[in-house]
Visitor: 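This is the structure I want to talk about, given as structure tokens.
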Amino acid sequence: MIYTHNNNELTIENLGETVKLKGFVAKKRDLGNLVFIDLRDQEGITQLAFYNENQLKEETLSIKNEYVIAIEGVVAERSSKNPNMTTGDIEIDVKKLDVLSTAKQPPMMVQDDTDALEDTRLKYRYLDLRRPYLKNIMKTRHLITKTVRDFLNEEDFLDFETPMLTKSTPEGARDYIVPSRNHKGNFYALPQSPQLFKQLLMISGFERYYQIAKCFRDEDLRSDRQPEFTQIDIEMSFVEQDDVLDVSERMIKRVMKAVKGIDVKTPFPRMTYAEAMRKYGTDKPDTRFEMFLTNLDEVFTDTEFKVFASTLKNGGSIQAINVEGGATTYSRKKIDALTNEVKKYGAKGLAWVKKDDGELSGPTIKFFSDNEIQALDTTLNMQNGDIAFIVADRLKVTRSALAFLRNHIAKALNLYDDNTFDFHWVVDWPMFEYDAEDERFYALHHPFTRAHDAHKDRLKDAPDKALAYGYDLVVQGQELGGGSLRIHDLAMQSDVFSVLGMDEASQQSQFGFLLDALQYGTPPHGGIAFGLDRLVMILTGTKNIRDVIAFPKTASAHCLLTEAPSPVSNAQLEELGLIKKTRDE
RNA sequence: GGUCCUGUGGUGUAGCGGUUAACAUGCCAGUCUGUCACACUGGAGAUCGCGGGUUCGAUUCCCGUCAGGACCGCCA
């Protein structure tokens with residue numbers, strides 16, 4: 001070994017010891033006859049001191065930032081200490097210096113407060129990762145996966161690998177496709193998740209499966225979505241919903257303790273999907289604050305106000321949130337800004353009323369009857385100083401607009417704390433959602449989700465009324481994980497495929513292997529998958545998923561470091577039986 | 001697919017229809033024995049993303065394009 005200690009280890013206890021250290025030159029401070037170098041390694045920083053007595057000080061002249069060096073020296077007490085560093089009481093009186101590698105001037109400052117823009121950071125990701133900020137996130141990520149593995153291993157889960165080259169399936173996200181050389185004209189798909197394989201493992205008689213699994217989805221990206229991401233994937237057989245939730249809760253509890261030192265209370269609260277949609281307008285409510293959605297349909301049943309009347313006539317809904325004490329905060333200008341935001345979600349406008357001196361006011365008030373004003377006041381329970389925002393639109397738009405507003409306003413008004421972790425379950429998801437445009441049903445979770453025992457028959461006569469054994473884990477308004485009990489009998493599986501509009505032939509060609517497998521004895525089973533990247537984001541307080549992935553891609557799925565994706569040679573295409581077309585062809 | 005924001009020395013920003021293109025940091029040279037964002041002095045470093053247009057004149061205004069970012073659609 002060319003070193004005896006890491007750069008976070010030496011303290012006043014080690015005074016007088018001869019040690020060897022290694023690392024990158026983080027900073028050189030040349031005071032003339034005395035030179036300091038901050039030596040950075042994976043673990044921390046130790047200050048090196050070079051004096052005039054030997055020739056070493058001269059050697060430091062050629063040393064620049066990011067050189068890789070190894071030194072030998074004696075631990076000495078600093079005459080002026082730095083309380084901000086763990087090694088701030090000591091420095092190394094260097095006796096021997098080895099330059100292991102030189103470095104060009106880096107295109108960015110390798111410091112936590114680097115001001116380099118993200119494209120520069122991504123192109124030189126290996127430099128970016130030298131920064132303690134990212135290093136600590138990567139360490140946290142490791143601590144999370146280690147804790148998860150320890151826990152699941154203790155609970156007798158088996159760690160499996162499932163294929164990366166697999167079958168493209170309909171439904172769900174767009175697949176990443178890999179051409180086959182042996183079978184020209186045919187393609188593998190990269191897995192969107194190991195869903196079917198883990199179910200097949202249950203059918204194989206394995207009872208507890210887990211995998212920290214890479215998943216691929218070729219969809220447009222967001223600040224919390226990457227084309228390849230990682231799931232903590234779990235499946236269990238001979239279990240009921242409570243068993244999956246229980247294991248999940250204990251796992252999260254363990255992670256929270258290990259990473260944040262926080263004891264979270266289990267079991268987590270549960271809320272039905274219907275309740276979440278009704279009170280929060282979303283399937284992933286932030287429960288750190290209230291400001292519930294209030295339905296005003298009754299208030300305006302007979303209204304003369306055309307906008308509201310036509311909304312109701314068309315089957316839409318009028319709903320509001322009351323921002324307590326928000327009247328003074330929200331000036332016309334700010335309300336206009338909110339209105340613009342809300343339009344993104346399809347809302348055509350944003351009505352509002354304020355209450356002052358016991359009177360409601362607002363630009364739409366003049367269209368309301370006295371009875372309506374009175375009912376509005378009581379229904380929203382408005383107090384002086386409150387402002388309520390009202391959206392009237394299709395139920396879906398009304399809810400998503402208000403759900404957005406609720407989060408947006410709570411953030412602006414500081415109604416919650418980033419260190420509050422409101423883990424809760426959203427349960428009893430519907431099996432399907434009807435898409436009016438496509439005139440068909442889509443699975444709300446996925447097509448392998450089991451319907452409630454009491455709702456089996458609804459699959460045939462009222463699919464939209466069938467509830468599923470589906471559950472999502474939500475924290476801070478984000479979906480952290482989701483799962484379900486799975487279908488374990490052929491009849492229900494075929495029924496579900498039928499609801500989704502798949503005839504017998506396409507069921508066979510797409511999912512024949514699953515339908516076959518279900519016929520050879522299938523234990524009841526279920527599971528869950530957690531978004532590891534999101535978990536790391538939440539626990540490190542990061543707003544950007546790129547910061548929790550060592551080598552992430554840009555918003556257009558481009559890797560600035562390797563420049564993937566990139567063209568391939570004609571020979572490669574030929575071998576795969578592919579013909580290249582330009583964009584316009 | 002759509003909307004919006006950004007693109008100026010190595011890095012990050014400022015700026016403006018005519019400038020010697022400014023500032024910080026980094027870099028180079030020098031002084032300095034207690035720094036830790038060392039300090040001080042001096043210096044080098046920019047076809048203002050790319051293409052086209054308007055104009056006597058464009059880094060600045062307009063159009064297109066490329067790249068990065070945010071959001072909507074999309075993501076079972």
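Order of the sequence lines fixes the chain letters, A, B, ..., with proteins taken first and strands second; residue numbering starts at 1 for each chain.
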Visitor: How many whole angstroms separate atom CG of L444(A) from atom P of C74(B)?
Guide: 13 Å
Visitor: Give the nucleotide from the list G34(B), C71(B), C27(B) with an atom nearest to the side chain of Q105(A).
Guide: C27(B)
Visitor: Expressed as a whole number of angstroms, how long is the span from Q111(A):CD to G26(B):P?
Guide: 8 Å
Visitor: State whether the distance check finds a donor on one side and an acceptor on the other, under 3.5 Å, for side chain R78(A) versus base C36(B).
Guide: yes
Visitor: Let me know which of T554(A), D128(A), L117(A) forms a side chain to side chain contact (heavy atoms under 4.5 Å, CB included) with L122(A).
Guide: T554(A)
Visitor: Could you give the distance separating G51(B) and C71(B) at their C1' atoms, to the nearest angstrom?
Guide: 29 Å
Visitor: Over how many whole Å does the gap from D128(A) atom CG to U11(B) atom P extend?
Guide: 14 Å
Visitor: Over how many whole Å does the gap from R130(A) atom CZ to U11(B) atom C1' extend?
Guide: 16 Å
Visitor: When the distance from CG of D220(A) to P of C75(B) is rounded to whole Å, what number comes out?
Guide: 11 Å
Visitor: Can you tell me the distance, in whole Å, between the CG atom of L61(A) and the P atom of C28(B)?
Guide: 11 Å
Visitor: With salt bridge (Lys or Arg N to Asp or Glu O under 4.0 Å) as the rule and sequence neighbours excluded, what pairs involving residues 467-488 of chain A come up?
Guide: E235(A)-R486(A)
Visitor: I'd like the P distance from G45(B) over to G9(B), given in whole Å.
Guide: 15 Å
Visitor: So which one's nearest nucleotide on RNA chain B is more toward 5', N65(A) or R225(A)?
Guide: N65(A)
Visitor: Measuring from the side chain of P107(A) (C-beta onward, heavy atoms only), which nucleotide among G10(B), G34(B), C75(B) has the closest atom?
Guide: G10(B)
Visitor: Indicate yes or no: does R225(A) engage E219(A) in a salt bridge with an N to O separation below 4.0 Å.
Guide: no
Visitor: With side chain to side chain donor-acceptor pair (under 3.5 Å) as the test, would you mind laying out the steps for Q111(A) and R40(A) before giving the verdict?
Guide: CA-CA 11 Å; Q111(A) 293 169 12; R40(A) 179 190 65 235; over 6 Å; no
Visitor: If a pair satisfies salt bridge (Lys or Arg N to Asp or Glu O under 4.0 Å) and one of its residues is in residues 550-567 of chain A, list it, with sequence neighbours excluded.
Guide: E228(A)-K553(A)
Visitor: Quick one: E77(A) CD to G34(B) C1', roughly how many Å, whole number?
Guide: 13 Å
Visitor: Sticking with atom C1', work out how far U33(B) lies from A39(B), rounded to a whole angstrom.
Guide: 14 Å
Visitor: Strictly under 3.5 Å: I want the nitrogen or oxygen pairs between protein and nucleotides 4-7 of chain B, one per line.
Guide:
none

Visitor: I need the minimum non-hydrogen distance between I45(A) and T87(A), along with the two atoms involved.
Guide: O-OG1, 2.7 Å
Visitor: Are more than 12 heavy atoms, taken from residues, nucleotides or ligands other than E17(A), located less than 6.0 Å from that residue's CD atom?
Guide: yes
Visitor: In residues 22-50 of chain A, which residues come under 4.0 Å of RNA chain B by heavy atom?
Guide: K27(A), R29(A), D30(A), L31(A), G32(A), N33(A), L34(A), F36(A), Q47(A)
Visitor: Residues in side chain to side chain donor-acceptor pair (under 3.5 Å) with S498(A), at least two apart?
Guide: none
Visitor: Can you confirm whether the side chains of T542(A) and D547(A) place a donor and an acceptor under 3.5 Å from each other?
Guide: no
Visitor: In the strands shown, is C40(B) matched to any nucleotide by a Watson-Crick or G-U wobble pair with both distances under 3.5 Å, and which?
Guide: G30(B)
Visitor: When the C1' atoms of A21(B) and C48(B) are considered, how many whole Å apart are they?
Guide: 8 Å
Visitor: Can you see if the side chain of K343(A) gets near the phosphate of C72(B) - specifically, an N or O under 4.0 Å from OP1 or OP2?
Guide: no
Visitor: For A555(A), check side chain to side chain contact (heavy atoms under 4.5 Å, CB included) against everything at least two apart and list the hits.
Guide: none
Visitor: Any side-chain N or O of R222(A) under 4.0 Å from OP1/OP2 of C74(B)?
Guide: no
Visitor: For A403(A), which residues count as a side chain to side chain contact (heavy atoms under 4.5 Å, CB included) partner, sequence neighbours excluded?
Guide: T282(A)
Visitor: Give the intermediate values and the outcome of side chain to side chain contact (heavy atoms under 4.5 Å, CB included) for residues N14(A) and V19(A).
Guide: CA-CA 9 Å; N14(A) 304 91; V19(A) 297; 5.8 Å; no
Visitor: Check every strand shown and say whether S193(A) touches a base, only sugar-phosphate, or nothing at a heavy-atom separation below 4.0 Å.
Guide: base
Visitor: Is any side-chain N or O of S223(A) closer than 4.0 Å to OP1 or OP2 of G69(B)?
Guide: no
Visitor: Among residues two or more places apart or on two chains, list those pairs meeting ring-ring contact (aromatic ring centres under 6.0 Å, His included) that have a residue in residues 488-509 of chain A.
Guide: F497(A)-F511(A)
Visitor: A22(B) and G15(B): how far apart are their C1' atoms, nearest whole angstrom?
Guide: 7 Å
Visitor: Closest to the Y51(A) side chain: G69(B), C75(B), U33(B)?
Guide: U33(B)
Visitor: Hey, can you pull the residues of residues 477-485 of chain A with a non-hydrogen atom under 4.0 angstrom from RNA chain B?
Guide: none
Visitor: Between C1' on C72(B) and NZ on K396(A), what's the gap in Å once rounded to a whole number?
Guide: 13 Å
Visitor: Given that both distances must come in under 3.5 Å, which nucleotide forms a Watson-Crick or G-U wobble pair with A22(B)?
Guide: U13(B)
Visitor: Residues in side chain to side chain donor-acceptor pair (under 3.5 Å) with K95(A), at least two apart?
Guide: D93(A)
Visitor: Can you tell me the pairing partner of G64(B) across any strand shown, Watson-Crick or G-U wobble, with both distances under 3.5 angstrom?
Guide: C50(B)
Visitor: For the CG atom of D435(A) and the CD atom of E439(A), what is their distance to the nearest 0.5 Å?
Guide: 9.5 Å
Visitor: So what does E341(A) touch, heavy atoms closer than 4.0 Å: a base, only the sugar-phosphate, or nothing?
Guide: nothing
Visitor: Counting only non-hydrogen atoms, which of residues 544-560 of chain A are less than 4.0 Å from RNA chain B?
Guide: R546(A), T554(A), A555(A), S556(A), H558(A), L560(A)
Visitor: Can you check the distance between U60(B) and G53(B), where both ends of the measurement are the P atom (answer in whole Å)?
Guide: 14 Å
Visitor: Rounding to the closest angstrom, what is the interatomic distance between G64(B) and U54(B) at atom C1'?
Guide: 15 Å
Visitor: Sort out the partner of C4(B) for me: Watson-Crick or G-U wobble, both distances under 3.5 Å, none otherwise.
Guide: G69(B)
Visitor: Could you point out which residue of L467(A), T272(A), T449(A), D283(A) forms a side chain to side chain contact (heavy atoms under 4.5 Å, CB included) with W429(A)?
Guide: D283(A)
Visitor: How far does the P atom of U55(B) sit from the matching atom of C50(B), given to the nearest Å?
Guide: 23 Å
Visitor: Nearest to the N82(A) side chain among C36(B), C71(B), C75(B), which nucleotide is it?
Guide: C36(B)
Visitor: Holding to side chain to side chain contact (heavy atoms under 4.5 Å, CB included), I want the full list of residues that pass it with Y124(A), two or more places apart in sequence or in another chain.
Guide: P107(A), T120(A), Y126(A), L127(A)
Visitor: Look at all strands and tell whether K543(A) reaches a base, only sugar-phosphate, or nothing, counting heavy atoms closer than 4.0 Å.
Guide: nothing
